[in-house]
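Just so you know, these numbers come straight off a predicted model, no measurement behind them.
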Amino acid sequence: MAGGNGSRFLKEPFDWTRDHRFEATEKIMQVQFLAVERRLERIEAMIIGVEKRMWMTVFGVVGVILSQAVQSILQFSPK
């Protein structure tokens with residue numbers, strides 16, 4: 001394009017066929033699914049961490065209750 005002003009890409013229509021749109025949509029969906037998969041993996045890791053802490057809390061509470069029960073049995077046992 002000799003002597004013309006501006007880019008030819010601004011003046012010529014862009015050839016966007018149905019196949020190009022389908023490929024672009026597939027690529028976008030693939031990127032979105034990968035992002036969702038990464039987020040789900042992080043959420044799953046966080047849930048596992050919360051679950052471990054919850055079980056530690058439950059075992060701690062059960063341990064305190066059992067130790068108090070044993071102490072009360074030892075106090076009232078015959079000496």
Side-chain angles (χ1 to χ4, degrees):
M1 194 166 162
N5 292 336
S7 172
R8 70 179 175 99
F9 297 110
L10 294 176
K11 296 179 182 176
E12 294 176 7
F14 188 68
D15 184 24
W16 233 165
T17 63
R18 201 174 204 178
D19 293 334
H20 289 111
R21 288 183 185 182
F22 185 72
E23 289 174 13
T25 303
E26 279 185 337
K27 289 178 184 179
I28 290 171
M29 288 177 59
Q30 185 179 27
V31 169
Q32 288 175 338
F33 279 123
L34 287 173
V36 169
E37 186 176 339
R38 276 189 248 125
R39 287 183 192 136
L40 287 175
E41 288 172 357
R42 285 190 302 187
I43 291 170
E44 186 177 355
M46 289 171 33
I47 288 173
I48 289 172
V50 169
E51 184 180 14
K52 286 180 183 178
R53 284 186 223 119
M54 182 191 70
W55 281 112
M56 291 299 291
T57 303
V58 168
F59 288 137
V61 169
V62 169
V64 168
I65 292 171
L66 288 176
S67 67
Q68 288 180 350
V70 168
Q71 283 179 348
S72 65
I73 289 173
L74 290 176
Q75 284 179 352
F76 292 114
S77 66
K79 295 180 182 179

Review point. Are Trp55 and Val61 connected in a single hydrophobic cluster, I mean Ile/Leu/Val/Met/Phe/Trp/Tyr linked by side-chain heavy atoms less than 4.5 Å apart?
Key: no
**Study point:** Linked, directly or transitively: Met29 and Val36 (ILVMFWY side chains, under 4.5 Å)
**Key:** no
Review point. To the nearest 0.5 Å, how far apart are CZ in Arg38 and CZ in Arg42?
Key: 8.5 Å
Practice item. Take atom CD of Glu26 as the centre, draw a 6.0 Å sphere, and report whether it contains more than 12 heavy atoms from other residues, nucleotides or ligands. Key: yes
Practice item. Inspect the surroundings of CE in Met56 and state if more than 12 heavy atoms from other residues, nucleotides or ligands are less than 6.0 Å away. Key: no
Practice item. Enter the distance from Phe59:CZ to Met54:CE here, rounded to the nearest 0.5 Å. Key: 9.5 Å
**Study point:** Which atom of Ala69 lies closest to which atom of Ser72, heavy atoms considered
**Key:** O-OG, 2.8 Å
Review point. Looking at CD of Glu51 and CD of Glu44, how far apart are the two atoms once the value is rounded to the nearest 0.5 Å?
Key: 10.5 Å
Exercise for review: Could you check Glu37 against Phe33 for side chain to side chain contact (heavy atoms under 4.5 Å, CB included), going step by step and ending with a plain yes or no?
Suggested key: CA-CA 6 Å; Glu37 186 176 339; Phe33 279 123; over 6 Å; no
Exercise for review: Output the distance between atom OG1 (Thr25) and atom CD (Gln30), rounded to the nearest 0.5 Å.
Suggested key: 12.5 Å
Review point. According to a 4.5 Å side-chain heavy-atom criterion applied to Ile, Leu, Val, Met, Phe, Trp and Tyr, with indirect links allowed, do Val50 and Val58 form part of one hydrophobic cluster?
Key: no
Study note, to complete from the structure: The reported gap from CG in Leu40 to CD1 in Ile47 (rounded to nearest 0.5 angstrom) is 9.0 Å
